[in-house]
There are 2 protein chains.
Amino acid sequence: MELFHRHGYNATGIAAILRQAGVNSGSLYYIFPTKEDLLLALLERYKELLWPLVIQPVFDRVSDPIERVFGVLEGYRQMLLATGCGMGCPIGNLALELSDTHPVARKLIAENFEGWRLAIRGCLDDAADRLPPETDRDHLATFVLTVMEGAMMQAKAHRTLEPFEASVAQLREYFERLLADGREWSTPKPER
Amino acid sequence: MELFHRHGYNATGIAAILRQAGVNSGSLYYIFPTKEDLLLALLERYKELLWPLVIQPVFDRVSDPIERVFGVLEGYRQMLLATGCGMGCPIGNLALELSDTHPVARKLIAENFEGWRLAIRGCLDDAADRLPPETDRDHLATFVLTVMEGAMMQAKAHRTLEPFEASVAQLREYFERLLADGREWSTPKPER
DNA sequence: GTCTATAACTCGATAGAC
DNA sequence: GTCTATCGAGTTATAGAC
């Protein structure tokens, strides 16, 4: 994971994997017959790690569903901070490197995205009564992932947190306007 | 460009480049001493092509500055459509593959992003009087690039236009709310 | 299951003739 | 400037002993 995240799939040689894992080629190939099999296992593992590593820690300390969305984004900001904006999103990196040429990996990457997106959509559903009733929460969840990935990419390219923070600030502006609209639909009620 | 766009930098061998260009290795290496030199020249070329290929055609047929922003995004939708959502953004792909390991390429990629972002910011500046006065147009331009890249990534991973269109629709929602706010600042004036 | 040695191949890059 | 032939290193993957 470390090597694929840092250098990408193609740029990571089996030799480097063996060195870093402290394993000999015979052992690796006994379990993963090809390099791609290892990649697929890794992508399955990322799917398993989504909740325990990315979502649950945020949910444990934040209860407001909207703030949970921004809490997840804050987690990625911390990752950028910890890596000097270098490595970016492990799934996003592989998505762009491999989607065209590795159909099986592409499917697993799409499933990783879908899991992430559904976690966010759950938050939006929990806040449904605070959003304008016509809001497409499914599209909005897609949008949150879009912003996260696009913002990580620019942070990585510029090696600065700034584009990430600017993007999240704009997403926050959008949510504030949605929530303000939502209040217009719910506050008149008690006045009747 | 075609090969790096489709397969990425590392996955494209010099042999494939020679074949596709109909050139022999002696000629290629006479001009580009290393593969990385070719990459850098390609990234410079993308910078040159931004205006004539991406921006100007949209500006020629669309005059409204806000619609110009969405016109540029529509251009990327057309690219997704033409390639079956396969290849994605050529700069974005290279950004995630190489930013960590190729510092000179990373800088040129950042410059490509900056050129794109400034073209969008120009549109936003032209529409400044229609936006809320507190709007950070620089951040908003970053946000538009963020949405474009994040949306392209998801389209590529899912091999569907849907996430791209959903993301652009959400960005449109955001702009509509900003413009509605902007009108609240300008319409009261004639009433004085 | 794990070890070492290595096969089979492709990689980026070069040499030297023309 | 361009050609062909090829180098040496690095690639993924395998063989066969233990």
Side-chain angles (χ1 to χ4, degrees), chain A residues 1-46 48 86-88 90-91 93-109, chain B residues 1-46 48 86-88 90-109 112:
Chain A
M1 281 176 160
E2 156 88 21
L3 290 168
F4 285 177
H5 189 188
R6 186 180 298 276
H7 304 293
Y9 176 74
N10 286 305
T12 301
I14 300 276
I17 296 170
L18 298 174
R19 203 181 317 121
Q20 177 130 350
V23 160
N24 297 103
S25 86
S27 303
L28 178 68
Y29 278 102
Y30 182 78
I31 298 173
F32 303 110
T34 71
K35 187 184 178 185
E36 190 172 1
D37 289 323
L38 175 62
L39 168 69
L40 300 179
L42 190 129
L43 287 169
E44 290 283 4
R45 186 86 181 111
Y46 271 122
E48 294 170 13
M87 298 172 22
I91 306 297
N93 294 353
L94 295 173
L96 294 198
E97 186 180 1
L98 304 171
S99 287
D100 251 28
T101 43
H102 295 66
V104 188
R106 197 222 93 233
K107 191 161 168 289
L108 283 168
I109 288 163
Chain B
M1 281 177 160
E2 156 87 21
L3 289 169
F4 283 177
H5 189 187
R6 188 180 296 276
H7 304 295
Y9 176 74
N10 287 305
T12 300
I14 299 277
I17 296 170
L18 298 174
R19 205 181 316 122
Q20 177 131 348
V23 160
N24 295 103
S25 85
S27 303
L28 178 68
Y29 278 101
Y30 182 78
I31 298 172
F32 303 110
T34 71
K35 188 185 178 184
E36 190 172 3
D37 289 323
L38 176 62
L39 168 69
L40 300 180
L42 190 128
L43 287 169
E44 290 283 6
R45 186 88 181 110
Y46 271 123
E48 294 169 12
M87 298 171 23
I91 307 296
N93 294 354
L94 296 173
L96 293 199
E97 187 180 0
L98 305 172
S99 288
D100 251 27
T101 43
H102 295 66
V104 187
R106 197 223 93 233
K107 190 159 167 291
L108 283 168
I109 288 163
N112 269 278

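Here is how names work: the chains are called A, B, and so on, in the same order as the sequence lines, proteins then strands, and each is numbered from 1. Owing to the predicted nature of the structure, the values given are computational and were not obtained by experimental measurement.
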Just so I know, are the side chains of A:I91 and A:L43 near enough to count as touching, which here means a heavy-atom distance under 4.5 Å?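 When only atoms from C-beta onward are counted, A:L43 and A:I91 do touch, with a gap below 4.5 Å.
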Flag side-chain contact, heavy atom, 4.5 Å: A:L94 against A:L39: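 Yes, close enough: below the 4.5 Å cut-off.
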Does [X] use its side chain to pair, donor to acceptor, with the backbone of [Y] at less than 3.5 Å?
{"X": "B:H5", "Y": "B:G88", "value": "yes"}
{"X": "B:E97", "Y": "A:G8", "value": "no"}
{"X": "A:N93", "Y": "A:P90", "value": "no"}
{"X": "A:S27", "Y": "A:V23", "value": "no"}

Could you tell me whether B:K35 sits above the aromatic face of B:Y9, with NZ or CZ closer than 6.0 angstrom to the six-membered ring centre and within 45 degrees of the axis?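 Ring-cation test returns yes.
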Pull out every residue in residues 18-37 of chain B that has a heavy atom closer than 4.0 Å to any atom of DNA chain D, ordered by number, or say none.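 Contacts with DNA chain D under 4.0 Å: B:N24, B:S25, B:G26, B:S27, B:Y30.
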Value in whole Å for how far the C1' atom of D:dA9 lies from CD1 of A:I14: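 Answer to the nearest Å: 17 Å.
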How long is the span from the NE2 atom in B:H7 to the CG atom in A:N10, to the nearest 0.5 Å?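 It is 11.5 Å, given to the nearest 0.5 Å.
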Go through residues 98-109 of chain A and report each residue with a non-hydrogen atom lying under 4.0 Å from DNA chain C, sorted by number.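 None - not one residue of the stretch has a heavy atom sitting under 4.0 Å from the strand.
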